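Below, all heavy atoms of this structure are taken into account, side chains as well, without hydrogens, waters or symmetry copies. The model shown is predicted, which means the values in this text are computed figures rather than measured ones.
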Amino acid sequence: MAALVKCRVLVQAFRCQTSIINGVCRSDSVLHTFLTERAHCARHVFNGGVRLHSSEVKSGDDLIVRHLDGEDSGIVVLGINRPESKNAISKNLVTMMSEAVESLKKNNKVRTVILCSLVPGVFCAGADLKERAKMHQSEVGPFVTKARTLITELGNLPMPTIAALDGAALGGGLEMALACDIRVAAASAKMGLVETKLAIIPGAGGTQRLPRTVGVSVAKELIFAARVLSGEEAKRLGLVNHAVEQNPSGDAAYLRALDLAREFIPQGPIAIRMAKLAINQGMEVDLKTGLAIEEACYSQVIPTQDRLEGLLAFKEKRPPRFKGE
């Protein structure tokens with residue numbers, strides 16, 4: 001009975017998700033595009049700090065949000081851009097990311113989100129300790145709570161999210177990556193939850209998401225030792241999905257993440273969102289309840305136009321044209 005009641009509640013949530021999917025997209029003033037486009041997407045960032053598909057950018061922005069176009073339409077790139085502090089997590093970055101995530105949550109045209117760095121050699125060095133040192137003790141707790149909420153909301157985005165780690169991802173930087181569905185790292189990248197070196201603990205989800213990713217005993221060892229892993233070591237432990245050799249441009253992980261996002265685009269967008277919801281919710285409950293959640297998710301795709309289009313395209317032996325309806 002408890003599972004049935006929970007399932008009914010989840011169905012209501014799924015209906016809400018579907019209404020968001022079919023809702024009207026609202027643009028947000030925080031969203032920007034990059035400075036120039038480089039030859040047919042061959043190079044994307046670093047060695048000059050520019051990416052493709054762009055027109056204007058405010059150089060002081062800590063976060064730059066780019067909506068790709070053409071065949072990549074539906075992919076959104078969140079680029080962290082704090083070169084003076086190795087992309088450390090500041091009050092302003094948390095505010096900008098929170099606004100961007102809230103906007104993406106309501107955008108039915110977004111198929112996949114890639115989180116990456118616009119700063120060569122680093123993904124995110126964790127909390128901005130220089131800023132933290134200036135905070136009154138009473139300010140620290142609320143700030144960590146706000147950062148934790150941001151990372152939770154990033155994890156709750158309805159569409160697939162990919163973290164591209166082309167450099168160091170330490171502390172809160174790795175916690176952001178752990179909130180994403182998929183992680184891709186350069187083999188040379190360094191990552192770890194190193195908070196115990198400062199006599200604190202991971203405070204933005206690391207103690208919960210790392211064990212769910214690599215297992216409890218491995219996570220304990222990594223956190224207790226404040227161990228830093230290479231991309232290759234992280235791949236062996238299952239911390240990242242892919243470890244790729246870094247290229248001269250320094251954006252190999254980003255390019256691999258982009259390739260993955262392109263694999264997701266042709267699939268039914270509502271189906272992908274429901275699949276993500278079923279997996280995320282199902283992993284937190286027993287198998288019987290998880291199967292009920294899956295059934296509830298499946299019921300949400302049955303009345304969609306996309307499902308009918310998929311059947312028609314199969315019959316007519318052509319690629320489907322999904323609209324997220």
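- Cluster partners of V216: none. The rule joins Ile, Leu, Val, Met, Phe, Trp and Tyr whenever side-chain heavy atoms lie under 4.5 Å apart, and it links nothing here.
- In this structure, I279 shares a hydrophobic cluster with M283, the cluster being traced through Ile, Leu, Val, Met, Phe, Trp and Tyr side chains under 4.5 angstrom apart.
- In the hydrophobic clustering, where aliphatic and aromatic side chains (Ile, Leu, Val, Met, Phe, Trp, Tyr) are joined below 4.5 Å either directly or transitively, L287 groups with L291.
- Using a 4.5 Å heavy-atom threshold, the side chains of D72 and R262 count as touching.
- Considering I162, I114, D251 in turn, I114 is the only one that fulfils the side chain to side chain contact (heavy atoms under 4.5 Å, CB included) rule with L258.
- Under a 3.5 Å cut-off, the side chain of E175 and the backbone N or O of A204 do form a donor-acceptor pair.
- Donor-acceptor pairing under 3.5 Å is recorded for the side chains of S85 and R82.
- Between P320 and G310 the shortest heavy-atom distance is CB-CA, 4.5 Å.
- Rounded to the nearest 0.5 angstrom, I293 CD1 and L277 CG are separated by 8.0 Å.
- When all heavy atoms are compared, the tightest approach of V240 to A185 is CG1-CB, 4.0 Å.
- Every pair passing side-chain hydrogen bond (donor to acceptor under 3.5 Å, both in side chains) that includes a residue from residues 177-188 is listed here, sequence neighbours excluded: T161-D181, D181-K276.
- Residues satisfying the side chain to side chain donor-acceptor pair (under 3.5 Å) criterion with N280, sequence neighbours excluded, are absent altogether.
- Rounded to the nearest 0.5 angstrom, C124 SG and L165 CG are separated by 10.5 Å.
- The two residues P211 and G206 come nearest to each other via the heavy atoms CD-O, 3.7 Å.
- In this structure, E99 contributes its side chain and M96 its backbone to no donor-acceptor pair below 3.5 Å.
- Ion pairing between K91 and D128 fails under the 4.0 Å rule for side-chain N and carboxylate O.
- Under the 3.5 Å distance criterion, the side-chain polar atoms of E309 are matched with a main-chain donor or acceptor of R321.
- With sequence neighbours excluded, the residues that form a salt bridge (Lys or Arg N to Asp or Glu O under 4.0 Å) with E153 are K105.
- Residues V113 and L104 are in side-chain contact: their nearest non-hydrogen atoms beyond the backbone lie under 4.5 Å apart.
- Placement of F322 and I270 in two distinct hydrophobic clusters is found when ILVMFWY residues are connected by side-chain heavy-atom separations under 4.5 Å, directly or transitively.
- Note that the CD atom of Q208 and the OG1 atom of T213 stand 11.0 Å from one another [nearest 0.5 Å].
- Residues P303 and Q300 approach most closely at CD-O, 3.6 Å, considering heavy atoms.
- With sequence neighbours left out, Q246 forms a side chain to side chain donor-acceptor pair (under 3.5 Å) with D166.
- No side-chain donor-acceptor contact under 3.5 Å links S73 to the backbone of G70.
- Put simply, the side chain of S117 gets close to the backbone of V122: a donor and an acceptor are under 3.5 Å apart.
- One distance of note links CG of N107 with CG of L157; it measures 11.0 Å at 0.5 Å rounding.
- Among residues two or more places apart in sequence or in another chain, the side chain to side chain donor-acceptor pair (under 3.5 Å) test is passed with S90 by none.
- Side-chain contact between E232 and E245: present, with at least one pair of heavy atoms (C-beta onward) separated by less than 4.5 Å.
- Side-chain contact check for D62 and N92: at least one donor-acceptor pair (N or O, by modelled atom type) lies under 3.5 Å.
- The salt bridge (Lys or Arg N to Asp or Glu O under 4.0 Å) test applied to E316 returns R318, not counting sequence neighbours.
- For Q305, there are no side chain to side chain donor-acceptor pair (under 3.5 Å) partners, not counting sequence neighbours.
- Taking every heavy atom of both residues into account, V77 and C116 meet most closely at CG1-SG, 3.5 Å.
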(message) Apply side-chain contact (heavy atoms from CB on, under 4.5 Å) to residues L174 and L170 and explain how you reach the verdict.
(response) CA-CA 5 Å; L174 181 55; L170 303 172; over 6 Å; no
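- Salt-bridge formation is not detected for the pair E84/K130: no Lys NZ or Arg NE/NH1/NH2 atom is positioned less than 4.0 Å from an Asp or Glu carboxylate oxygen.
- Among all heavy-atom pairs drawn from A257 and A164, the shortest one is CB-CB, 4.0 Å.
- Residue L312 shares its hydrophobic cluster (ILVMFWY side chains chained together at separations under 4.5 Å) with no other residue.
- Follow the hydrophobic side-chain contacts under 4.5 Å out from V194 and you never reach V144; the two are in separate clusters.
- L178 and I80 end up in the same hydrophobic cluster when Ile, Leu, Val, Met, Phe, Trp and Tyr side chains are linked at under 4.5 Å.
- R273 contributes no side-chain N or O that, together with a main-chain N or O of P158, makes up a donor-acceptor pair within less than 3.5 Å.
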Which donor-acceptor pairs under 3.5 Å do side chains of residues 220-228 form with protein atoms, sequence neighbours excluded?
from	atom 1	to	atom 2	distance (Å)
E221	OE2	R227	NH1	2.6
E221	OE2	R227	NH2	3.2

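- Panel note: side chain R148, backbone G203; a donor-acceptor pair is recorded below 3.5 Å.
- In this structure the side chain of M159 never reaches within 4.5 angstrom of the side chain of I272, judged on heavy atoms.
- Taking CD1 from I201 and OG1 from T196, the interatomic distance works out to 10.0 Å, rounded to the nearest 0.5 Å.
- You'll find the side chain of L260 stays beyond 4.5 Å of the side chain of T112, heavy atoms only.
- Cluster membership for L237 and M191, using ILVMFWY side-chain heavy atoms within less than 4.5 angstrom, is shared.
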(request) Would you sort out whether L154 and L115 count as a side-chain contact (heavy atoms from CB on, under 4.5 Å), showing the intermediate values? (result) CA-CA 10 Å; L154 176 64; L115 177 63; 4.1 Å; yes
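- The shortest distance between side-chain heavy atoms of I75 and F264 does not fall below 4.5 Å.
- In terms of modelled atom types and a separation under 3.5 Å, the side chain of D61 and the main chain of I64 share no donor-acceptor contact.
- Linking Ile, Leu, Val, Met, Phe, Trp and Tyr residues whenever their side-chain heavy atoms come within less than 4.5 Å places I151 and M97 in a single cluster.
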(request) Decide yes or no on side-chain contact (heavy atoms from CB on, under 4.5 Å) for T149 and T152, but give the supporting numbers first. (result) CA-CA 5 Å; T149 299; T152 297; 5.6 Å; no
(message) Let's go through R66 and L68 carefully: what are the C-alpha distance in whole Å and the side-chain angles of both, what is the deciding distance for side-chain contact (heavy atoms from CB on, under 4.5 Å) to 0.1 Å, and is it a yes or a no?
(response) CA-CA 6 Å; R66 178 165 56 96; L68 303 194; 2.5 Å; yes
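- In this structure, the side chain of S103 does not engage the main chain of A100 through any donor-acceptor pair within 3.5 Å.
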